[in-house]
Trainee: 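Handing you this structure, nothing more for now.
Order of the sequence lines sets the chain letters (A, B, ...), proteins ahead of strands, with each chain counted from 1.
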Amino acid sequence: AQKITQTQPGMFVQEKEAVTLDCTYDTSDQSYGLFWYKQPSSGEMIFLIYQGSYDEQNATEGRYSLNFQKARKSANLVISASQLGDSAMYFCAMREGRSSYDKVIFGPGTSLSVIP
Amino acid sequence: GAVVSQHPSWVICKSGTSVKIECRSLDFQATTMFWYRQFPKQSLMLMATSNEGSKATYEQGVEKDKFLINHASLTLSTLTVTSAHPEDSSFYICSASYRGTNTEAFFGQGTRLTVV
């Protein structure tokens, strides 16, 4: 069964506008972590933001914020003031458990295109 | 952030030959590394968990004898694709985390394998 769902295969956003990328997850663990990564066409994986299941505050990193709704099991990424360089694939990922030994699995991804 | 280096960045090999891909954590010790495979326009699929000093743990459906993983030291894991076939052509990427909890997974640059 799909543990991470990203329902938007592709998204467009106007430059300087904000955009929300959706992510829902499925786990029975109480302790887990959620990540967002950006993958440009070069293939590298760029870490954007992390949210722990016990974190009460939504995570923020510069223009990125994570809208964490635990009861709904959703962890949407909000990018404010979009830039042309934000055009890339975006992956939501989850680690069940909080240790470096626990594996990280990825959602199907959302392709974001920023329009000038 | 921490640096994970993967080598080579790309490789072309003949069908039936073996190819070795290296993943190094340059500035930290990684007791656990993960190997992923990514087909074009798809997500990262976890292949195996590589543990220093012990056998790798493979995900369901991944052939152990075909994808040999060795984690000989705290900074190096290798993936060997044995008797490569054209269907093994893919993007292979590794990741590692610091020991501890709530840790980001750092990724190598990835290796694009083409089997001809």
Side-chain angles (χ1 to χ4, degrees), chain A residues 1-10 21 23 25 29-55 57 59 61 64 66 88-112, chain B residues 1-6 8-10 23 25 28-54 56-60 62 71 74 90-113:
Chain A
Q2 187 80 281
K3 289 216 166 191
I4 302 172
T5 303
Q6 293 180 254
T7 58
Q8 307 150 314
L21 306 183
C23 173
Y25 59 93
D29 282 9
Q30 294 300 309
S31 180
Y32 54 90
L34 297 158
F35 304 79
W36 277 92
Y37 283 86
K38 171 184 178 181
Q39 187 181 43
S41 56
S42 60
E44 62 184 309
M45 295 295 286
I46 301 169
F47 168 76
L48 297 178
I49 199 164
Y50 170 85
Q51 180 87 40
S53 59
Y54 294 118
D55 296 339
Q57 302 279 349
E61 289 284 350
Y64 305 106
L66 198 151
M89 282 293 292
Y90 287 81
F91 292 100
C92 179
M94 177 174 67
R95 169 183 276 145
E96 291 181 296
R98 300 168 83 198
S99 163
S100 59
Y101 303 106
D102 296 313
K103 56 191 178 185
V104 177
I105 56 173
F106 286 79
T110 294
S111 176
L112 177 67
Chain B
V3 178
V4 175
S5 177
Q6 195 171 333
S9 300
W10 59 271
C23 179
S25 54
F28 68 103
Q29 292 183 334
T31 52
T32 304
M33 291 184 176
F34 301 94
W35 287 96
Y36 295 85
R37 182 175 184 176
Q38 185 181 31
F39 289 109
K41 300 194 184 300
Q42 294 188 23
S43 186
L44 280 71
M45 298 302 297
L46 181 65
M47 298 175 67
T49 302
S50 171
N51 301 297
E52 188 266 336
S54 65
T57 305
Y58 289 82
E59 295 298 302
Q60 192 172 10
V62 177
H71 196 147
L74 287 172
S90 188
F91 188 63
Y92 294 87
I93 191 164
C94 68
S95 78
S97 300
Y98 291 123
R99 284 187 216 186
T101 60
N102 295 347
T103 55
E104 172 190 340
F106 300 99
F107 283 82
Q109 305 94 316
T111 298
R112 198 162 299 280
L113 169 64

Trainee: What pair of heavy atoms forms the shortest contact from Q42(B) to F91(A), and how long is it?
Mentor: O-CZ, 3.9 Å
Trainee: Counting only non-hydrogen atoms closer than 4.5 Å, does Q6(A) touch chain B with its backbone (N, CA, C, O), its side chain (CB onward), both, or neither?
Mentor: neither
Trainee: Show the nearest heavy-atom pair for residues I93(B) and G43(A), with the distance to one decimal.
Mentor: CD1-O, 4.1 Å
Trainee: Grab the two heavy atoms, one from D102(A) and one from F34(B), that are nearest each other, plus how far apart they are.
Mentor: O-CZ, 3.4 Å
Trainee: Identify which part of L44(B) has an atom lying under 4.5 Å from any heavy atom of chain A, answering side chain, backbone, both or neither.
Mentor: both
Trainee: Applying ring-ring contact (aromatic ring centres under 6.0 Å, His included), name anything that partners Y37(A), two or more places apart in sequence or on another chain.
Mentor: F47(A), F106(A), F107(B)
Trainee: Would you mind checking which part of E59(B) comes under 4.5 Å of any heavy atom in chain A, side chain (CB onward), backbone (N, CA, C, O), both or neither?
Mentor: side chain
Trainee: Say whether, by atom type as modelled, one donor and one acceptor occur between the side chain of S43(B) and the main chain of G109(A) under 3.5 angstrom.
Mentor: no
